[in-house]
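Predicted, not measured: the structure shown is a model, and the values here were computed from it. We use all heavy atoms of the structure for the numbers below, so side chains are in, but hydrogens, waters and symmetry mates are not. In what follows, chains carry the letters A, B, and so on, assigned in the order in which the sequence lines appear, proteins first and then strands, with residues in each chain numbered from 1.
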Amino acid sequence: MSDNKPTEERSLNFLEEIIEADLRSGKHTSIITRFPPEPNGYLHIGHASSICLNFGLAKKYHGTTNLRFDDTNPSTEETEYVESIKADVKWLGFEWARELYASDYFPQLYLFAEKLIEKGLAYVDDSSGEEIAEQKGTPTMPGYRNRYSDRSPEENLKLFREMKEGKYRDGEKVLRAKIDMASPNMLMRDPILYRIKHVAHHRTGHEWCIYPMYDFAHGQSDSIEKITHSICTMEFVPHRELYDWLIEKLGIFPSRQYEFARRNLSYTVMSKRKLLQLVNEKHVNGWDDPRMPTISGMRRRGYTPEAIRDFADRIGVGKRDNMVDVGVLEFCVREHLNKISLRRMVVFDPLKITISNYPEGKSELLLSENNPEDTGGGTREIPFSGEIWIEKEDFMENPPKKYFRLAPGQMVRLKSAYIIRCDEVKKNAHGEPVELVCTYFPESKSGEDTSGLKVQGTLHWVDADSAIPVEIREYDRLFRVEDPGSEEGDFKSYINPDSLRIISGALAEPALAAAEMGERFQFLRKGYFCPDKDSAKGRLVFNRTVTLKDAWAKEQKKA
RNA sequence: UGUCCGAUGGUGUAAAGGUAGCACCACAGAUUUUGGUUCUGUUUGUCUAGGUUCGAAUCCUGGUCGGACAACCA
């Protein structure tokens, strides 16, 4: 090729720029990142972005990523969450270099605290929570110290050891850093480092009754692991000053914190609190409800890890507030599913067709491609006979202009089969069509069409004799508004009442009987679907992952 | 009335003082045995007022708007 431009290097995001600069300057020879969830809930799409970011950055620069559980608050954390988080990260396709726990560092952290006390940089405070808050001032008013702040290092050391030994009750004392009660940064106003909690920890049990706060655990853990780039969300910007202060005073490995703006997704909520409400109040059927923005929900819905990674990649990373359109996610899902899913035909709302000129009692097997996007995808056999089902909405007695489907006297092709013409409409007492009598053109058989007939529409269908009944679950966005969290009143009042539609009487081509969990299908002209775990033998349940684009529906809406 | 962070089409993200680009969305056309896919094209943007400069999205100053910060949560 004459074009010798270097293979189009994509422009770097701000984190990549920082890392490349650090690598170039020799500040680091390799990088280590970490994904640090607290095991107190399920991971959602926001975490997925963070996972892709941290693991993706390390991968790009040939570094490693640790999975570290930030388990410093035993009252909220459980092993169950640890397991689900690990499963989610793995499912997304990432491998961590080390599986670590902040709780592994409790002994080391305790020593760090004693060191600070010895240096006169921390003290034990007997004040109540209210008193501490009171003395802290406000963002516009400086705080002030109390009498406990003057205790000697010796006394503090003694008191802190007693705290550790369980001599005091919850809330009776805390360890505080001695920094600056007048700092414009509230977090620097003698922040609490340790608190007493006589609570069992999911890993250390009753070994400890004092637990470090986030600020005294996170940076130190980063440092112990020699994390080079500790990437977190913007709300931690004010913590950075404290993060750096502690590393400096402790004289430990200088991990550095960098912040990015969390990605918000339209038409959903992401806060743990709100998600929990949806589950507890049964607006959804559990954390893995396919409408949930959780990783387990998306997995059950049929989203692929590839699509989610692609999504994270496309939306990139920045520092400003944002609201990413869920349409981008759906685009990524469609794009991947289009390439990999097996085509099948399923009629959701059946209308019977009798082909009057098809030999009585005859049936034949037709061939159809499994995936037109994949030439090696092979074919499958579909039975065809004189009695078939089509979609009710694919027939109109008085069709509008440009209606390419079936209507009296109008012809359509049945996908991978024949061209038919509608001759007669049989109706029930309400005047609704219940059966169409059609003729077919034998010489129009798919693949060997010599009929010379031209039709505009192609319909999906199933053979009446061999069709199997299936249940379909169609999901729509969970909320009616873009940003439920910022609307007036209770966010739950914006829930979309039609976010789940169950179709129990759908009929599927027989090949679908062999569908297995994990397989992805495109039901022709309907959307992408996957088997749900609720499927039972003889009663398959399919989740709609995402619809197909529908130019006709769009046109209808305009009209 | 404090400190910190931010502001580029409808959305997300690039352009490190020198052609405002890419993707999604939207729209139009072509192809199509899925009104799918694919292909081609089009519309739309630098918050504001000054300043520095031959030249500013980029640097400086003021303003405006949005967000974060006063948990013994992370």
Side-chain angles (χ1 to χ4, degrees), chain A residues 10-13 17 36-38 40 70-73 75-77 102 125 127-129 132-134 136-143 170-176 183-187 189 191-197 210-211 213-215 217-218 232-241 259 261 263 266 272 313-325 327-332 334-335 338-339 343 345 368-369 372-373 402-405 412-417 419 444 446-447 449 455-460 522-527 547-556:
Chain A
R10 241 186 64 224
S11 52
L12 304 177
N13 65 46
E17 302 228 1
E38 182 187 13
N40 70 344
D70 233 336
D71 55 351
T72 56
N73 184 2
S75 11
T76 59
E77 296 150 6
D125 192 330
S127 308
S128 69
I132 289 176
E134 160 83 37
K136 208 157 198 174
T138 69
T140 51
M141 292 271 296
D170 289 12
E172 216 173 317
K173 285 180 165 47
V174 292
L175 181 72
R176 291 228 254 169
S183 170
N185 183 349
M186 297 294 291
L187 277 155
R189 322 246 266 222
I192 294 172
L193 266 21
Y194 265 92
R195 78 288 216 185
I196 300 169
K197 266 180 191 269
I210 56 170
Y211 293 93
M213 297 287 289
Y214 166 84
D215 286 300
H218 201 98
C232 61
T233 46
M234 294 293 283
E235 66 260 35
F236 290 98
V237 168
H239 293 253
R240 191 177 56 228
E241 194 180 355
E259 310 87 9
R263 262 77 260 285
S266 63
K272 221 166 256 177
D313 226 52
R314 278 172 194 266
I315 62 177
V317 54
K319 299 185 79 141
R320 50 181 149 142
D321 295 338
N322 57 82
M323 178 60 73
V324 180
D325 196 309
V328 179
L329 212 206
E330 290 172 349
F331 169 85
C332 296
R334 282 193 192 99
E335 186 170 66
N338 176 48
K339 291 198 188 95
R343 270 54 173 180
M345 293 199 284
S368 191
E369 69 274 17
E373 305 294 315
K402 295 209 285 189
Y403 184 80
F404 300 152
R405 309 176 185 186
V412 294
R413 170 170 293 281
L414 296 176
K415 172 70 182 173
S416 297
I419 290 174
S444 70
S446 190
D449 187 350
V455 294
Q456 303 230 62
T458 300
L459 306 185
H460 64 280
Q522 184 197 100
F523 293 171
L524 248 54
R525 305 207 300 139
K526 282 297 189 182
T547 59
L548 254 22
K549 274 207 212 159
D550 191 343
W552 173 245
K554 199 185 270 180
E555 190 131 335
Q556 292 295 285

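Here A:F236 lies in heavy-atom contact (under 4.0 Å) with a base. Heavy atoms of A:G143 sit nowhere under 4.0 angstrom from any nucleic acid atom. A:T72 comes within contact range of the sugar-phosphate backbone alone, with a heavy-atom separation under 4.0 Å but no base atom that close. Nucleic acid contact class of A:M141 (heavy atoms, under 4.0 Å, all strands): none. Contact annotation for A:P372: base contact, defined as any heavy-atom pair under 4.0 Å involving a base atom. Within the nucleic acid shown, A:I315 comes within 4.0 Å of sugar-phosphate atoms alone, with no base atom in reach, counting heavy atoms only. Using a 4.0 Å heavy-atom distance criterion, A:E241 is classed as making no nucleic acid contact. Using a 4.0 Å heavy-atom criterion, one finds that A:V317 contacts the sugar-phosphate atoms exclusively.
Both geometric conditions, a ring-centre gap below 5.5 Å and a plane tilt below 30°, are not fulfilled together for A:Y214 over the base of B:A74.
In this structure, of B:G2, B:U33, B:G35, it is B:G35 that holds the atom nearest to the side chain of A:R525. Nearest to the side-chain atoms of A:V174 among the listed nucleotides B:C72, B:U33, B:C24 stands B:C72.
A gap of 9 Å separates the P atoms of B:G9 and B:G45, to the nearest Å. Separating the P atom of B:U8 from that of B:U13 is a span of 8 Å, rounded to the nearest Å. Between the P atoms of B:A56 and B:A70, the separation comes to 42 Å (whole Å). As rounded to the nearest Å, B:G6 and B:U58 have C1' atoms that lie 15 Å from one another. Here, B:C47 and B:C65 have their C1' atoms 7 Å apart, quoted to the whole Å.
Atom CG of A:L193 and atom CG of A:D125 lie 12.0 Å apart (nearest 0.5 Å).
Between A:H239 and A:Y214, the ring centre distance stays below 6.0 Å.
Taking 4.0 angstrom as the limit, A:S266 places none of its side-chain polar atoms (N or O) nearer than this to OP1 or OP2 of B:U11. Residue A:R334 places no side-chain N or O under 4.0 Å from the OP1 or OP2 atom of B:C24. Note on A:R195: a side-chain N or O is less than 4.0 Å away from OP1 or OP2 of B:C73. Distances shorter than 4.0 Å separate some side-chain N or O of A:K554 from OP1 or OP2 on B:C27. In terms of phosphate contacts, A:K549 brings a side-chain nitrogen or oxygen within less than 4.0 Å of OP1 or OP2 of B:U37. Phosphate proximity of B:U37 to A:R343: absent, as no side-chain N or O sits under 4.0 Å from OP1 or OP2.
Pair assignment for B:A23: B:U11, on the basis of Watson-Crick or G-U wobble contacts that are both within less than 3.5 Å. Figure legend. B:G55 is base-paired to no nucleotide; pairs are counted as Watson-Crick or G-U wobble with both atom distances under 3.5 Å.
Looking at which nucleotide of RNA chain B each of A:S444 and A:H239 is closest to, the 5′-most match is held by A:S444. In terms of position along RNA chain B, the nucleotide closest to A:R320 lies nearer the 5' end than the nucleotide closest to the other residue of the pair A:R413 and A:R320.
Using a distance-only test at 3.5 Å, with no hydrogens or angles considered, no donor-acceptor pair links the side chain of A:S368 to the main chain of A:S416.
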Query raised in the report: What do the steps show when you test A:K272 against A:E38 for salt bridge (Lys or Arg N to Asp or Glu O under 4.0 Å), and what is the final call?
Result: CA-CA 11 Å; A:K272 221 166 256 177; A:E38 182 187 13; 5.1 Å; no
